[in-house]
Amino acid sequence: MVTTDRDRAADELVARTHAEDASFVRREAPLGAVACSYLDALIERDRRRAVRAIREALDAGAPIKDIYVHVLQPCQYELGRRWQLRQLSVAGEHYCTAVTQMILGQLYPLVVSADRAGRRLVATAVDGNLHEIGARFVADFFEMAGWDTFYLGASTPAEHVIQEVVQRKADVLAVSAALSDQLSSVCQVITAARSDDRCRGVVVLVGGQPFRVVDDLWRQLGADGSAPSAEHAVHAAEQLLAARSA
């Protein structure tokens, strides 16, 4: 089943990527002008101008969550779209993502909520997934919601992920895959979590482009849920935990 799902996700991903000509960044969207300025700065390799666009938006009163949702996230989607369409080189995509990662580090003090939820999250990109920024977005949104988060970064082997879940007494494990050929690594993490009694009760969420393309893929791979964005992942986790405690 995994091979079939992986192939189907790959086929649909390629077809959809080449069919989608519309940019994820639109000037008429909320904070659209900021997103356009930020994206232009990234494409032109102007790191200082990119940082200035974010700082000016914050100084003008834009909430930190809106910066994530309406600027950073759609810009990352757009960079990925252009890379898949070969409109952006690997080096260019790496540069742009590195700038966004730097900005996320600068924004982190504004992300941490004073109100604590008493919940814990471990978030990671699966083994083989070097595109870690999606998992970073997820961790930051959980932080905004008052969770204690443990972000493991890129390409983390399944056994080490489970060690962290156990040691941190996580309520939720969030796993990110960027490409369909990483779905076997997703399965390894899910299987390891399900077979370890110490992870009993841990909610497993999966995310990334393959799961946005194939709606029911998360269920077929044995996860508890999926979400189309970092913000939705928080709501999904809270609903699943509430359902289990009901």
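This one's a predicted model, so the numbers in the text were calculated from it and none came from an experiment. Side-chain atoms are counted along with the backbone in the values below, which use heavy atoms only and exclude waters and symmetry mates.
- Residues satisfying the salt bridge (Lys or Arg N to Asp or Glu O under 4.0 Å) test with D115, not counting sequence neighbours, are none.
- The two residues P210 and S180 make their nearest non-hydrogen contact at CG-N, 3.8 Å.
- In this structure, the side chains of I43 and L88 come closer than 4.5 Å at one or more pairs of heavy atoms.
- Judged as a salt bridge (Lys or Arg N to Asp or Glu O under 4.0 Å), and not counting sequence neighbours, the contacts of R219 are D216.
- Judged by distance alone, the side chains of Q209 and R212 do bring a donor and an acceptor atom under 3.5 Å apart.
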After noting the C-alpha distance and the side-chain angles of V234 and V138, does the key distance pass the side-chain contact (heavy atoms from CB on, under 4.5 Å) rule? CA-CA 8 Å; V234 178; V138 169; over 6 Å; no

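- For D148, the salt bridge (Lys or Arg N to Asp or Glu O under 4.0 Å) criterion is met by R116, not counting sequence neighbours.
- Looking at heavy atoms from C-beta onward, L39 lies in side-chain contact with L79 at the 4.5 angstrom threshold.
- V202 places none of its side-chain heavy atoms less than 4.5 Å from the side chain of V172.
- In the hydrophobic clustering of this structure, F211 groups with V126; members are Ile, Leu, Val, Met, Phe, Trp, Tyr whose side-chain heavy atoms approach within less than 4.5 Å, directly or through other members.
- Annotation: the span from S226 atom OG to L217 atom CG amounts to 8.0 Å, rounded to 0.5 Å.
- Summarising the hydrophobic clusters (Ile, Leu, Val, Met, Phe, Trp, Tyr; side-chain heavy atoms under 4.5 Å, direct or chained), the residues clustered with L130 are none.
- In this structure R120 satisfies the side chain to side chain donor-acceptor pair (under 3.5 Å) test with no other residue, sequence neighbours excluded.
- Under the 4.5 Å side-chain criterion, counting only non-hydrogen atoms from C-beta, F141 is not in contact with T149.
- To the nearest 0.5 Å, atom CG of residue D196 and atom CD of residue Q163 are 10.0 Å apart.
- A135 meets the side-chain contact (heavy atoms from CB on, under 4.5 Å) test with Y151, S176; sequence neighbours excluded.
- For A170, the side-chain contact (heavy atoms from CB on, under 4.5 Å) partners two or more places apart in sequence, or in a different chain, are V122, V165.
- Transitive grouping of hydrophobic side chains (ILVMFWY, heavy atoms separated by less than 4.5 Å) brings F137 and V34 into a common cluster.
- A distance of 12.5 Å separates CD of E143 from CG of L110, quoted to the nearest 0.5 Å.
- Judged purely by atom type and a 3.5 angstrom limit, S195 uses its side chain to pair as donor or acceptor with the backbone of A192.
- The backbone N or O of V25 lies less than 3.5 Å from a partner atom in the side chain of S23, making a donor-acceptor pair.
- With respect to the salt-bridge test (charged N to carboxylate O, under 4.0 angstrom), the residues E78 and R82 qualify.
- The closest side-chain heavy-atom distance from L205 to V175 is not below 4.5 Å.
- If you take CZ on R47 and OG1 on T100, they are separated by 12.5 Å, rounding to the nearest 0.5 Å.
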Under the criterion side-chain contact (heavy atoms from CB on, under 4.5 Å), I'd like the reasoning laid out for V203 against D171: C-alpha separation, chi angles, the key distance, then a yes or no. CA-CA 6 Å; V203 168; D171 298 286; over 6 Å; no

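- One finds the OH atom of Y95 at 12.5 Å from the OG atom of S89 (value rounded to the nearest 0.5 Å).
- Going from atom CD1 of I54 over to atom CZ of R52 covers 12.0 Å, rounded to the nearest 0.5 Å.
- Closest approach of A177 to V186, counting heavy atoms only: CB-CG2, 3.7 Å.
- Taking each heavy atom of A35 and C75 in turn, the nearest pair found is O-SG, 3.5 Å.
- Nearest heavy atoms, V204 versus A223: O-CB, 3.7 Å.
- Side-chain contact between S155 and N129 is absent, with no heavy atoms from C-beta onward closer than 4.5 Å.
- A donor-acceptor contact shorter than 3.5 Å links the side chain of R244 to the backbone of G201.
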Per-pair distances, 0.1 Å, donor-acceptor, side chain in residues 60-72, under 3.5 Å, sequence neighbours excluded:
residue: Y68; atom: OH; partner: D140; partner atom: OD2; Å: 2.5

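- When the options R49, R55, R48 are evaluated for a side-chain contact (heavy atoms from CB on, under 4.5 Å) with V51, the one that passes is R55.
- Q73 and S229 make their closest contact through NE2-CB, 3.6 Å (heavy atoms, listed as atom of the first residue, atom of the second, distance).
- Linking Ile, Leu, Val, Met, Phe, Trp and Tyr whenever their side-chain heavy atoms come within less than 4.5 Å leaves L241 and I190 in two separate clusters.
- Residues passing the ring-ring contact (aromatic ring centres under 6.0 Å, His included) test with Y38, sequence neighbours excluded: none.
- Between S113 and M144, every side-chain heavy-atom pair lies at or beyond the 4.5 Å cut-off.
- Using a 30° and 60° split on the angle between ring planes, H131 and W83 fall in the tilted class, from 30° to 60°.
- Residue pairs meeting the salt bridge (charged side-chain N to carboxylate O under 4.0 Å, His left out) criterion with at least one member in residues 160-169, sequence neighbours excluded: E164-R168.
- For T97, the side-chain contact (heavy atoms from CB on, under 4.5 Å) partners two or more places apart in sequence, or in a different chain, are Q76, E93, Q101, I133.
- Put simply, the side chain of S185 gets close to the backbone of D127: a donor and an acceptor are under 3.5 Å apart.
- Cluster annotation: L104 is connected to F142 through the hydrophobic network of ILVMFWY side chains, with a link wherever side-chain heavy atoms come within less than 4.5 Å.
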Could you give me the CA-CA distance, side-chain angles and deciding distance for E238 and W147, then say whether side-chain contact (heavy atoms from CB on, under 4.5 Å) is met? CA-CA 11 Å; E238 291 173 342; W147 289 53; 4.0 Å; yes

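- Taking 4.5 Å as the limit, some side-chain heavy atom of L221 sits within range of a side-chain heavy atom of L183.
- For the salt bridge (Lys or Arg N to Asp or Glu O under 4.0 Å) test, residues two or more places apart in sequence or in another chain that qualify with R194 are D224.
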